[in-house]
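For reference, the structure is listed below as structure tokens.
Bear in mind that the values here come from a model prediction, so they are computed numbers and not experimental data.
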There are 2 protein chains.
Amino acid sequence: MQNITDIIEAYLKQILHDEKKIEIKRQEIAERFDCVPSQINYVINTRFTIEKGYFVESKRGGGGYIRIQKIVILDSHDLLDEMSRWIGNDLTEQAAEDYLIRLVNEQLLTRREAIVVQSLLQKESLPMVLEDQRRMRAHLMQTLLKTIKRL
Amino acid sequence: MQNITDIIEAYLKQILHDEKKIEIKRQEIAERFDCVPSQINYVINTRFTIEKGYFVESKRGGGGYIRIQKIVILDSHDLLDEMSRWIGNDLTEQAAEDYLIRLVNEQLLTRREAIVVQSLLQKESLPMVLEDQRRMRAHLMQTLLKTIKRL
DNA sequence: CAAACAATAGTCAAAGATGGTCAGAGAGGT
DNA sequence: ACCTCTCTGACCATCTTTGACTATTGTTTG
């Protein structure tokens, strides 16, 4: 626990223990711990990933920031990971619908949400050749699964 | 929230919270917040866009002004049609986000639904060249608008 | 009334302020 | 030695701020 990464990680997590989310300025933190700014990116990329249950947003330019939030890890994460593996990078319209129904049954999505997503994944919404369409649909579904984790 | 843009934005929106429309003098506001006049144009161009639901008029010359109004569209069906027209077949990620926020504000979508859709419309979810990406995003958003009508 | 002048607002490109990426160097463990 | 994790810095992307120049409208003057 002597490397800067761990120290900064501990510092941020200690704050997150009290506050639900924190907003930092990359430069400030870098100065406080006397390291280069990109070190902060390293900390965030290795310690505050979605897999570890964190959601990070940022803005560049004047008044920029990095915001970190702890997200709730559901038991259903396993299911989501499973689905992700099943889907891979190819997904038919019918299969997509089945997955969505499953997600609704597991109460990970509401019916309305499923309808919205389904409409976006139907072939009419993906104007490209069949093969690309299925790849695209799979890609979007993968995004959805990741997003559900932080809803 | 320390950059002038956000501060001026908050100031104007706070007034718009009570008044239905406001009329300002660019020079006056610039003086009050100690910035150059064109800063006010920046605030307006980035924070009071049509996507965000604002309508701005102005006049130059003696007695000139900038008038900002929140657009109220009572019938949500009309709003959806309007949006559809505004979007056409080209849509940036930022504009998409602004529209989604608007839909949430109008209670046509829930926050969760907006988050899901936003994640599907972000550039990482649309792996294609920028131009196609924007067309695709517009297409998906059009589908969404149609879907909302029958929810 | 037309021409000048005054009073506003708009545009745009450059500079400033942040954060992001990535490849390579460094450090620690096996 | 080799492998993995950490650290660094040069370069990139994005958002904000500024100011010189332009455009439009109102007012005064010849």
CD of B:E9 versus P of D:dT17: gap in Å, rounded?
11 Å
Side chains of A:E124 and B:T143: any donor to acceptor distance under 3.5 Å?
no
Please tell me which of B:Q39 and A:Q39 maps to the more 5' nucleotide of DNA chain D, matching each residue to the nucleotide holding its nearest heavy atom.
A:Q39
For the residue pair B:K13 and B:F48, would you count it as a cation-pi contact if the rule is NZ or CZ under 6.0 angstrom from the ring centre and within 45 degrees of the ring axis?
yes
Could you give the side-chain donor-acceptor pairs of residues 28-35 of chain A under 3.5 Å, partners two or more places apart or in another chain?
| residue | atom | partner | partner atom | Å |
| --- | --- | --- | --- | --- |
| A:E31 | OE2 | A:Q27 | NE2 | 3.0 |
| A:R32 | NH1 | A:Y11 | OH | 3.4 |
| A:R32 | NH2 | A:Y11 | OH | 3.3 |

At under 4.0 Å between heavy atoms, how does the protein contact nucleotides 17-25 of chain C? Give one character per nucleotide, 5' to 3', with B, S or -.
BBBBB----
N/O contacts under 3.5 Å, protein versus nucleotides 28-30 of chain C?
none

Just by distance, no angles: are the side chains of A:R26 and A:N41 close enough, under 3.5 Å, to form a donor-acceptor pair?
yes
Just to be sure I understand the rule, does B:I4 reach a base, reach only the sugar-phosphate, or reach nothing, if contact means heavy atoms closer than 4.0 Å?
sugar-phosphate
Quick note, ring-ring contact (aromatic ring centres under 6.0 Å, His included) partners involving residues 94-126 of chain B, not counting sequence neighbours, are none
Let me know the distance between CD of B:E31 and P of D:dT18, rounded to the nearest Å.
14 Å
Do the side-chain N and O atoms of A:Q94 and A:T92 include a donor-acceptor pair separated by under 3.5 angstrom?
no
Heavy atoms of other groups near A:R67 CZ, more than 12 under 6.0 Å
yes
Atom-pair distance (CD on B:Q94; C1' on D:dT14), nearest Å
11 Å
Charged N-O contact under 4.0 Å between A:D90 and A:R137
no
Specify the separation, in whole Å, of atom CG of B:D34 and atom P of D:dT16.
19 Å
B:Y42 side-chain N/O to D:dT17 phosphate OP1/OP2 under 4.0 Å:
no
Are the side chains of B:L91 and B:M136 in contact, using a 4.5 Å heavy-atom criterion?
no
I'd like to know if A:K149 pairs up with A:D81 as an ion pair, taking the criterion as any Lys NZ or Arg NE/NH1/NH2 lying under 4.0 Å from an Asp or Glu carboxylate oxygen.
yes
Given side chains that start at C-beta, do those of A:L140 and A:L120 come closer than 4.5 Å, heavy atoms only?
no
If you count every heavy atom of other residues, nucleotides or ligands that lies below 6.0 Å from A:K146 atom NZ, does the total exceed 12?
no
Hydrophobic cluster membership, B:L151 vs B:L108, 4.5 Å side-chain cutoff:
yes
Ignoring backbone atoms, establish whether A:R47 has a side-chain N or O less than 4.0 Å from OP1 or OP2 of D:dT6.
yes
List the steps and the verdict of side chain to side chain donor-acceptor pair (under 3.5 Å) for B:S76 and B:E106.
CA-CA 8 Å; B:S76 51; B:E106 299 290 339; over 6 Å; no
Whole-Å distance between D:dC7 P and A:F33 CZ?
12 Å
Close approaches to DNA chain C from residues 125-137 of chain B, in residue order (heavy atom, under 4.0 Å):
none
Terminal axes of the helix from C:dC1-D:dG30 to C:dT30-D:dA1 (5 end pairs apiece), angle rounded to 10 degrees, sit apart by 10°
